[in-house]
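These notes are about the structure you will find just below.
Remember, it's a predicted structure, so these values are computed and weren't measured experimentally. By convention in this document, chain letters (A, B, ...) are assigned in the order of the sequence lines, proteins followed by strands, and residues within each chain are numbered from 1.
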Number of protein chains: 2
Amino acid sequence: MTELEQYIHSYFGVSKEEVSRISDCFHLETLEKGDYFLRTEKICNKLSFHKSGLIRVYALEDGKEITQWISSKGYFLTDLSGLIFNKPTRYNIQALSDCEIYTITKQDYQNIANVIPRWHELEKLFIARCFIFLEERIFALLSMTAEERYQLLFNQQPELFNQVPLQYLASMLGITPETLSRIRKKIGKT
Amino acid sequence: MTELEQYIHSYFGVSKEEVSRISDCFHLETLEKGDYFLRTEKICNKLSFHKSGLIRVYALEDGKEITQWISSKGYFLTDLSGLIFNKPTRYNIQALSDCEIYTITKQDYQNIANVIPRWHELEKLFIARCFIFLEERIFALLSMTAEERYQLLFNQQPELFNQVPLQYLASMLGITPETLSRIRKKIGKT
DNA sequence: TTCTTCTCTTGACAAATATCAAGAATTTAC
DNA sequence: GTAAATTCTTGATATTTGTCAAGAGAAGAA
C-alpha cells in the first residue's frame, strides 16, 4: 500500500478494495521548491495528499504575508472554498521544498461519490475533524500567550522548526520574527 | 414554513418534501436564561437550530472564561466532537437570555441519512462552510489588530453589541474588557 | 570556493495591550 | 422602589509585543 492508501485505510476505516478504488483516482505529482500549488484569486480545482516535502499556505494582506498553515507529509491540501463552492481563494500555496503529492482533479473528485457510496459520509467526517482542529487553533489564539502558542506548536510539530524559515512559523503563530527569536532565546530552543 | 424549514430550504436547496421530512425530526425546546445547552466534559448528544435568544459558548482555562462564540438566531448549535466523534467537550454552552431552539437528538440525527439519501452530502457542505468561516476567523486573529477585529465583528453582527455583555465579546475578540472599552471610547460606539 | 542573497538575532525604542484598583452605571432580585 | 450584584469605564502603571536598524549567520548561485 502507498502512504495514501495506508492513510485512507487507517483514518477512514475503509475496506482495502474501496481504498484502492479511491486511491486509483489520485496520481503522483511533483512540485519543485518555489512552485505554486495554488495562487491567490484562482479557483482551486484539485485535492492532494501530501507525500513529502513542505508547503506553505499564505495570504498577502496590506503588503504583509500571513502564513496560515504549513503542510507536511500526511496532510491533505486544497482550498475548500474553491473545491466545493467554486470561489476564488485568498491564499497562495507554495512549495517550500521539492514535494511529492498525490492529486485528484476536481472532476474525478466530484465523481468519487459515484464509485464509493460512502464517500460523502467519509468526507463529512474528514471535514468535521478539520473543523475541530481549527476550533482548537482559535482557542489557542484567544487564550494563550505567544510563548505558550510557540510551545504548543513546537510540541505538535517539532519537525517544522529545523526545516521551515522561522519567519513563517512566527507568522503562523501571529507574532513577528523578532518576537519568535526572543522567545526561543529565552526558552533555549532545545 | 418555520424558520428552520426556510433555512434548510434556502441554504441547502432541498425540495420542500425533503425539507419537511428533515424538519419533522426536530422538536422545539426552550432554554431559560442561565440554562446550559451543554456542560464541559459531557458528550454532546444533540444538534439544534437557533430560533431566538442568545447563547454563549465558552471554556474555562486557568480560571478564566474564554468565550469562543456567541450564537444567535439562524445558527446551528452543537459540539461536533461529541455529536460525531463521541468525545467529551471542553465547552460550556449557556443561554444568555431565554431562547427557543429546534433540536434533534443524536439518535434521530444519525437516522436522518436513512430518510434523506443526500443528507451526508448536505452535511458535508454545511460543515465545509463552517470550516471556511473558522479559517477566516483565524486569518483575522493572525493579521488584524484588536481594533480592526472589533470593527469586523461590529459590522458582521452589530446586534450583539446591545444584547451581550461586552466582556464576553472582548473575550471572543481575544482582548480584555478594559481594552474593548477603550477601543469603543476611541471610536465612538455608534 | 567566493559572492550574493536571504534569514536570524540583537538592541533601542515605541506602541499595543494587560493588570489592578476604584468608582460609575446598569441590571437584577426582593 | 430600593438594595445588591453585576457590568462598564477610567486612570495609573506594568508587561508584552512590534518596529526599525544593524550586523551576524546560513544558504544558494556561479
Filtered N/O pairs between nucleotides 5-7 of chain D and protein, under 3.5 Å:
{"unit_1": "D/dT7", "atom_1": "OP2", "unit_2": "B/Gln167", "atom_2": "NE2", "d": "3.4"}
{"unit_1": "D/dT7", "atom_1": "O5'", "unit_2": "B/Gln167", "atom_2": "NE2", "d": "3.2"}

Measure all distances between protein nitrogen or oxygen atoms and nitrogen or oxygen atoms of nucleotides 23-30 of chain D, and list the pairs falling under 3.5 Å.
{"unit_1": "D/dG28", "atom_1": "OP1", "unit_2": "A/Lys33", "atom_2": "NZ", "d": "3.3"}

Between the protein and nucleotides 11-15 of chain C, list every N/O to N/O distance that falls short of 3.5 Å.
{"unit_1": "C/dG11", "atom_1": "N7", "unit_2": "A/Arg182", "atom_2": "NH2", "d": "2.6"}
{"unit_1": "C/dG11", "atom_1": "O6", "unit_2": "A/Arg182", "atom_2": "NH2", "d": "2.9"}
{"unit_1": "C/dA12", "atom_1": "N6", "unit_2": "A/Arg182", "atom_2": "NH2", "d": "3.3"}

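Residue pairs satisfying the ring-ring contact (aromatic ring centres under 6.0 Å, His included) criterion with at least one member in residues 19-41 of chain A, sequence neighbours excluded, are absent. Within the structure, the salt bridge (Lys or Arg N to Asp or Glu O under 4.0 Å) test picks out the following pairs touching residues 83-103 of chain B (sequence neighbours left out): B/Lys51-B/Glu100. The list of side chain to side chain donor-acceptor pair (under 3.5 Å) pairs with a residue in residues 129-143 of chain A, not counting sequence neighbours, reads A/Tyr11-A/Arg129. Judged as a ring-ring contact (aromatic ring centres under 6.0 Å, His included), the pairs with a partner in residues 75-101 of chain A (not counting sequence neighbours) are, in order, A/Tyr7-A/Phe76, A/Phe49-A/Phe76, A/Trp69-A/Tyr75, A/Phe76-A/Phe126. Every pair passing salt bridge (Lys or Arg N to Asp or Glu O under 4.0 Å) that includes a residue from residues 141-165 of chain A is listed here, sequence neighbours excluded: A/Glu147-A/Lys186.
Here C/dT17 presents its P atom at 12 Å from CG of B/Leu141, a figure rounded to the nearest Å. Rounded to a whole Å, the CG atom of A/Leu180 is 10 Å from the P atom of D/dG18. For the pair A/Ile187 CD1 and C/dT9 P, the interatomic distance rounds to 13 Å; values are reported in whole Å. Regarding A/Arg149, its CZ atom lies at a distance of 10 Å from the C1' atom of D/dT17, rounded to whole Å. When rounded to the nearest whole Å, the span between CD1 of A/Ile175 and C1' of C/dT17 equals 16 Å. Atom OH in A/Tyr150 sits about 14 Å away from atom P in D/dT17, given to the nearest Å. The interatomic distance linking B/Asp98 (CG) with C/dT28 (P) rounds to 11 Å, in whole Å. Taking atom CD of residue B/Glu148 and atom P of nucleotide C/dA16, one finds them 11 Å apart after rounding to whole Å.
Residue A/Gly174 is in sugar-phosphate contact alone, with no base atom involved, counting any heavy-atom pair closer than 4.0 Å across all strands shown. Within 4.0 Å (heavy atoms only), A/Lys186 reaches no atom of the nucleic acid at all.
Across its full length, the helix from C/dT1-D/dA30 to C/dC30-D/dG1 shows an angle of 60° between the axes of its 5 terminal pairs at either end, rounded to 10 degrees.
Environment of NZ in B/Lys106: crowded, with over 12 heavy atoms of neighbouring residues, nucleotides or ligands closer than 6.0 Å.
Judged purely by atom type and a 3.5 angstrom limit, A/Glu5 uses its side chain to pair as donor or acceptor with the backbone of A/Thr2. In this structure a side-chain-to-backbone donor-acceptor pair under 3.5 Å is missing from B/Ser97 to B/Gly53.
Between A/Leu166 and A/Leu180 the shortest heavy-atom distance is O-CD2, 3.3 Å. Minimum interatomic distance between A/Ile84 and B/Ala128 (heavy atoms only, all atoms of both residues): CD1-CB, 3.7 Å.
Under the side-chain hydrogen bond (donor to acceptor under 3.5 Å, both in side chains) criterion, B/Gln163 pairs with no residue, sequence neighbours left out. A/Gln167 pairs by the side chain to side chain contact (heavy atoms under 4.5 Å, CB included) definition with A/Pro165, A/Pro177, not counting sequence neighbours. For the side-chain hydrogen bond (donor to acceptor under 3.5 Å, both in side chains) test, no residue two or more places apart in sequence or in another chain qualifies with B/Glu121.
The residues B/Arg182 and B/Glu178 are annotated as not salt-bridged, no charged nitrogen and carboxylate oxygen being separated by less than 4.0 angstrom.
For B/Thr179, no side-chain nitrogen or oxygen approaches OP1 or OP2 of C/dT17 to under 4.0 Å.
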